[in-house]
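So that the names make sense, note that chain A is the first sequence line, chain B the second, and so on, each numbered from 1.
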Amino acid sequence: MPTRDVNEKIADMFDTIADVLELQGDIPYRIRAYRNAARTIRDLPQPIEEVAREGKLEDLPGIGKDLAAKILEYLETGRMSKYEEVVSQVPPGLIELLHIPGLGPKRVRLLHERLGISDLEDLRRALDSGRIETLPGMGKKTVENIRRGLALYEASKERMPLGRALPIAEEIARQIDALPGTARVVIAGSARRMKETVGDIDILTIAEDGEATIQAFVRFPQVRDILAAGDTKGSVVLHNGLQVDLRVVPPESYGAALHYFTGSKAHNIKIRTIAREQGLKVNEYGIFRGEERIGGEEEADVFRVLGMPWIPPEMREDRGEIEAALEGRLPTPVSLDDIRGDPHVHSKWSDGANTIRELAQAARARGYEYIAVTDHSPRVRVAGGMSVEKVWQRQKEIEALNREFDDFRILSGAEVDILPDGSLDYPDEVLAALDLVIVSVHSGFKMSREEMTRRILRALENPYVHILAHPTGRLIGQREPYPVDLEAVLRRAAELGVAVEINGYYLRLDLDDVNAHLAKELGCTISLGTDAHQVDHLSMMRYAVGVARRAWLEPQDVLNTKSLPDLLAWLQRRRSG
DNA sequence: GCCGTTTTCGGCCCGACTGTTTTCAGTCG
C-alpha cells in the first residue's frame with residue numbers, strides 16, 4: 001500500500017544530495033533544484049507512487065526528466081544510485097555540521113580539510129582546543145559564533161509548537177507596543193503563517209528611535225542571550241530557548257517588509273521572480289520600477305502591483321496560491337469569525353476541568369451559538385470515561401441548562417472510543433440518544449496499517465457517527481501518527497457523510513494542513529474542534545482555523561460554520577437517511 | 001537540474017550583516 005512516508009523518504013534523500021553537493025562546491029542552481037524538488041515531494045498530498053504510476057512525475061513543479069528518473073529508480077528498486085554515490089563521498093557526520101548556524105559549506109569544508117573535523121564530536125573538541133582560530137578567516141569572534149551556533153543547534157533541534165510560541169510572541173509584541181515611540185508592531189514569519197511549529201519569532205515595528213527600541217527589547221526580562229543589537233535589528237534568545245528577532249522598519253517600507261519577513265521563502269522567491277518578469281523589483285524596502293518607488297507602505301501593495309489580490313499569510317507556501325491569485329481563483333479561506341460553535345469539548349463529566357455551565361458561558365462569551373459537550377466513553381479510563389448511567393445523568397443536566405439559555409445551545413455529545421476491532425464503546429441506543437457523536441482512537445496504536453485502516457473504516461460505518469476526531473493520532477514532537485491508509489479513510493468518510501476533524505489542540509493539529517487539503521479535495525466535510533479540557537482551551541480554535549486556512553478550506557467546507565438550525569439538520573441527515 | 005507567449009540555451013531572488021578583508025567572502029533570511 002502506497003503511503004506518504006515514501007514522499008518523506010525521497011524528499012530527505014534529495015535534501016541530503018543537495019547538502020553534499022553544497023559541501024562539494026557544486027553550482028548553486030543544481031543544489032536549489034534538488035531542494036525545490038524535495039519541497040514539492042514533501043508537500044504532495046498523495047503518495048508519490050500514485051503520481052509515478054500515472055506517469056505524471058514530470059508534471060510536478062521542479063521535477064524534470066532527471067529527477068523523475070531518480071524517483072522511479074527508488075520506487076522500483078528501493079535504492080537511488082545518485083544518493084548512494086554522493087553520500088559515500090563524505091563522512092556521515094559532516095552533513096549534519098551544515099545545519100549549525102554560522103557554518104556553511106565553505107567553513108565545514110575548511111574544518112574538514114584542515115583539521116579533519118567530521119562530526120559534531122570532532123567540532124566540539126576542536127572548539128575546546130582552540131585549533132580553529134589557527135585557520136585563515138577564522139578569528140576569535142567567528143569561533144565564538146560557531147560555539148554559540150553549536151549550542152543553539154543542540155538546544156533547538158526541535159522546533160517549538162505554534163501554540164507555545166505564539167502566546168510568547170504576542171506578549172513580547174505587547175511589551176514593544178507599550179514602549180514610547182512605537183507606532184506599529186506586528187508578528188511576521190512562520191508564526192504569522194500559522195505553521196504548526198516555529199523555529200524563531202520575527203517581529204516588525206515602526207518606531208521613532210530604532211536604537212532605543214532595540215535597546216529596550218534586548219533588556220526585556222524574558223531575554224537570556226543577546227545575539228545582536230544594532231539600530232534596525234535586535235536578536236535575542238529567551239530563557240525558554242526561543243529566538244526572537246525584532247526589526248525596526250521605516251513607515252514607507254512597512255508593507256514590503258511585512259511581506260518579506262512573513263515568507264515563506266519559496267513564496268517570496270516566486271513573487272520576486274514574477275516582479276522581475278514585469279520589470280519591477282520587490283525587496284524588503286518597497287516595490288520599485290527602476291529607481292522609482294511605486295509601493296511598499298502596505299502589504300497589499302506588493303500583490304496589487306503584480307496584478308493579484310492580497311494573499312492570506314497562511315497560504316503563502318508556494319503551493320499554487322500565487323498562480324491562483326493571478327488567475328482570480330484564490331479561495332477566501334475560512335476565518336475565526338465564521339465559526340459558530342465548538343463541536344469538541346470535555347467537561348468535568350469526564351476529564352475536563354470545568355462544568356458544562358462554565359464551558360457554555362465561556363463559549364457564549366466568545367460569540368458562539370453552540371457547543372457540543374463530548375465527554376469520553378468508559379474505555380478511556382485515564383480520562384474518566386462516562387458510564388452509560390452517567391450519560392443519562394449528564395443528559396438531564398444539559399436539558400436543564402438549555403432551558404436557561406435562549407440564544408445558546410448545549411449539544412449532548414460524546415467522544416466515543418473506537419475499540420481495536422472497530423466497534424464502538426457505547427451501544428447504539430446510547431449513541432442514538434446523543435445529539436453529536438465523535439469517534440476516535442485512543443489506544444492500541446501499534447497495530448498494522450491494514451488492521452488500523454479496517455478498524456477505523458468499520459467505525460465510520462456506524463450510522464450514528466458524525467465526526468472522526470484527530471484522524472492520525474499524532475502528537476507534535478511527541479508521537480508519530482499511527483499507521484493508517486488515511487486516503488481510504490477520508491474517501492469513505494466523504495461517501496458516508498462523516499465529517500473529519502482538524503483538532504485545534506496545539507499538540508495535535510490533526511489533520512495537518514496537507515491532509516486537510518486532501519480531505520477537502522476528496523469531498524469531506526471538516527469539523528474544527530478544540531478538544532478543550534478547560535475553558536481557556538476554547539481559544540485554540542484559532543489554531544484549527546490556522547490549519548484550515550493553510551489547507552485552503554473555505555467556510556462551506558467546514559461543519560461548524562453552520563448556524564445551529566443548519567447544524568442540527570446536518571446531524572440528523574445521516575440518521576434519517 | 002529545471003524551465004520556457006522574451007523557449008531548447010541561458011538564465012535562475014536579493015540585500016544585510018559579520019568579521020576580517022584592505023576590497024570581500026561567507027552566511028543568513
Distance between the [atom1] atoms of [N] and [M], in whole angstroms?
{"N": "B/dT27", "M": "B/dT21", "atom1": "P", "answer": "15 Å"}
{"N": "B/dG19", "M": "B/dC13", "atom1": "P", "answer": "28 Å"}
{"N": "B/dT6", "M": "B/dC12", "atom1": "C1'", "answer": "15 Å"}
{"N": "B/dC17", "M": "B/dT22", "atom1": "P", "answer": "22 Å"}
{"N": "B/dG11", "M": "B/dT7", "atom1": "P", "answer": "12 Å"}
{"N": "B/dT8", "M": "B/dC3", "atom1": "P", "answer": "16 Å"}
{"N": "B/dT20", "M": "B/dA25", "atom1": "P", "answer": "16 Å"}
{"N": "B/dG10", "M": "B/dG15", "atom1": "P", "answer": "25 Å"}

Between atom [atom1] in [X] and atom [atom2] in [N], what is the gap in whole Å?
{"X": "A/L97", "N": "B/dT27", "atom1": "CG", "atom2": "P", "answer": "12 Å"}
{"X": "A/E144", "N": "B/dT18", "atom1": "CD", "atom2": "P", "answer": "16 Å"}
{"X": "A/I146", "N": "B/dT27", "atom1": "CD1", "atom2": "C1'", "answer": "11 Å"}
{"X": "A/I132", "N": "B/dG19", "atom1": "CD1", "atom2": "C1'", "answer": "16 Å"}
{"X": "A/R247", "N": "B/dG29", "atom1": "CZ", "atom2": "C1'", "answer": "7 Å"}
{"X": "A/L23", "N": "B/dG26", "atom1": "CG", "atom2": "P", "answer": "14 Å"}
{"X": "A/H99", "N": "B/dT27", "atom1": "NE2", "atom2": "P", "answer": "13 Å"}
{"X": "A/I31", "N": "B/dC28", "atom1": "CD1", "atom2": "P", "answer": "14 Å"}

**Message:** Going by ring pair (Phe, Tyr, Trp, His ring centres under 6.0 Å), name the residues that satisfy it together with A/Y260, two or more places apart in sequence or in a different chain.
**Reply:** none

Is the shortest side-chain N to carboxylate O distance from [X] to [Y] below 4.0 Å?
{"X": "A/R148", "Y": "A/E144", "result": "no"}
{"X": "A/E171", "Y": "A/R174", "result": "yes"}
{"X": "A/R184", "Y": "A/E299", "result": "no"}
{"X": "A/D12", "Y": "A/R42", "result": "yes"}
{"X": "A/K195", "Y": "A/E317", "result": "no"}

Tabulated below should be each protein N or O lying under 3.5 Å from an N or O of nucleotides 3-10 of chain B; please produce it.
from	atom 1	to	atom 2	distance (Å)
B/dC3	OP1	A/G62	N	2.7

**Prompt:** With syn defined as a glycosidic torsion within 90 degrees of 0 and anti otherwise, which applies to B/dT5?
**Reply:** anti

Flag, side chain of [X] to backbone of [Y], donor-acceptor distance under 3.5 Å:
{"X": "A/N36", "Y": "A/A33", "result": "no"}
{"X": "A/T472", "Y": "A/P481", "result": "no"}
{"X": "A/R549", "Y": "A/V334", "result": "yes"}
{"X": "A/N7", "Y": "A/I10", "result": "no"}
{"X": "A/D557", "Y": "A/E554", "result": "yes"}
{"X": "A/R550", "Y": "A/R193", "result": "yes"}
{"X": "A/T197", "Y": "A/M160", "result": "no"}
{"X": "A/R474", "Y": "A/L509", "result": "yes"}

**Prompt:** In residues 259-266 of chain A, which residues come under 4.0 Å of DNA chain B by heavy atom?
**Reply:** A/Y260, A/K265

**Asked** Which residues in residues 299-329 of chain A have at least one heavy atom lying under 4.0 Å from any atom of DNA chain B?
**Response** none

Touch check for [X], heavy atoms < 4.0 angstrom, all strands: base, sugar-phosphate only, or nothing?
{"X": "A/I271", "answer": "nothing"}
{"X": "A/G102", "answer": "sugar-phosphate"}
{"X": "A/N268", "answer": "nothing"}

Counting side-chain heavy atoms from C-beta on, which of [options] comes nearest to [X]?
{"X": "A/E284", "options": "B/dG15, B/dC17, B/dC12", "result": "B/dG15"}
{"X": "A/I269", "options": "B/dC13, B/dA16, B/dG1", "result": "B/dC13"}
{"X": "A/R32", "options": "B/dC13, B/dG1, B/dA16", "result": "B/dC13"}
{"X": "A/P105", "options": "B/dC17, B/dT27, B/dG1", "result": "B/dT27"}
{"X": "A/P101", "options": "B/dG1, B/dG19, B/dC28", "result": "B/dC28"}
{"X": "A/K70", "options": "B/dC12, B/dC17, B/dG1", "result": "B/dG1"}

**Prompt:** DNA chain B: A/I100 or A/R30, which has the more 5' nearest nucleotide?
**Reply:** A/R30

**Request:** Name the orientation class of the two ring planes belonging to A/Y153 and A/H99 (parallel below 30°, tilted from 30 to 60°, perpendicular beyond 60°).
**Result:** tilted

Just distance, no hydrogens or angles: give the donor-acceptor pairs under 3.5 Å from side chains in residues 63-70 of chain A, sequence neighbours left out.
from	atom 1	to	atom 2	distance (Å)
A/D66	OD1	A/K70	NZ	2.4

**Message:** I'd like to check A/H267 versus A/R319 (side-chain heavy atoms, cut-off strictly below 4.5 Å). Are they in contact?
**Reply:** no

**Item:** Base-contact (B) and sugar-phosphate-only (S) positions in nucleotides 20-25 of chain B, heavy-atom cut-off under 4.0 Å, - elsewhere
**Value:** S-----

**Prompt:** Do the side-chain N or O atoms of A/K281 get closer than 4.0 angstrom to the phosphate oxygens (OP1, OP2) of B/dG15?
**Reply:** yes

**Request:** Under a 3.5 Å limit for both distances, which nucleotide forms a Watson-Crick or G-U wobble pair with B/dT8, could you say?
**Result:** none

